[in-house]
Amino acid sequence: MLEVAAAPFAYAFDPATTALVVIDMQRDFIEPGGFGDALGNDVRRLAAIVPTVRELIAWCRGRGIRVLHTREGHRPDLADCPPAKRRRGAPRLRIGDVGPMGRILVDGEPGNNIVPELRPQGSEPVIVKPGKGAFWATPLETILREAGVTHLLLAGVTTEVCVQTTMREANDRGYDCLLIEDATESYFPEFKQATLEMIRAQGGIVGWTAPFAALCRAR
Ligand code: C5J
């Protein structure tokens, strides 16, 4: 077992039954011309965590911790995109429209690819998810259960949307979850801060948080 100095208290895990889930580190959210940009966000905040996420992935691979990746993406016919999701707000480009990196949030388009620095390796599963949570309408739970995973490390974007939704879904399914604070980011710094605080409030009601350096010191 390894123990991390986390908040609200120490997080203990066995690398053999732990998986890292890297959420939506895809060009659509991180590079100019994607969905995040079309919604009017400054994507540079998200791009800044790529080096830390890369180190985190390498740290996990080096310890035999399974690594899984997710992408928020829809079928080309958008049959899995609720019209309400597509209609919402006033983005410059809607889901399915053609942008500078191909069709926005559509599986198989260049913008839907994970950024090259974080490219999945070998047999690492890539879960394509039509919702914000990675458990909804995906095989993630089956993959984790088959592998005997009980503990999840979480990273990715955005902290208060897909990361938090996934962490809550995982928590309700009985997983002990640790969110790596500097390996997640939001377009809104105050939303990231609030999310970290609400996750670890009330004795870790959703789970734990810790910086990557604390994970590296786990003994
Ligand atoms: C959003 C995500 N923010 N990956 N997706 O639409 O957080």
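Start at 1 with the first residue, then count along the sequence. Below, each value reflects all heavy atoms present in this structure, side chains not excepted, and no hydrogens, waters or symmetry copies. Both counts, for ligands and for their atoms, begin at 1 and track the order of listing.
By the 4.0 Å N-to-carboxylate-O rule, Glu109 lies too far from Arg71 to be salt-bridged with it. A salt bridge links Asp97 with Arg86; the closest basic N to acidic carboxylate O contact falls under 4.0 Å.
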Discussion item. Show, in sequence, the C-alpha distance, side-chain angles and deciding distance for Arg61 and Glu124, and conclude whether the salt bridge (charged side-chain N to carboxylate O under 4.0 Å, His left out) test is met.
Written reply: CA-CA 10 Å; Arg61 285 178 183 146; Glu124 289 172 359; 2.7 Å; yes

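The contact shell of ligand 1, taken as protein residues with any non-hydrogen atom closer than 4.0 angstrom, comprises Asp24, Phe29, Glu72, Lys132, Val157, Thr158, Val161, Cys162.
Qualifying salt bridge (charged side-chain N to carboxylate O under 4.0 Å, His left out) partners for Arg45, counting only residues two or more places apart in sequence or in other chains: Glu185. Applying the salt bridge (charged side-chain N to carboxylate O under 4.0 Å, His left out) rule to Arg63 yields no partners; only residues at least two apart in sequence or on another chain are considered.
Clustering of Ile, Leu, Val, Met, Phe, Trp and Tyr side chains at separations under 4.5 Å places Met167 together with Val21, Ile23, Leu68, Ile127, Phe135, Leu140, Ile143, Leu144, Val149, Leu152, Leu154, Val163, Tyr175, Leu179, Leu196, Ile199, Ile205, Val206.
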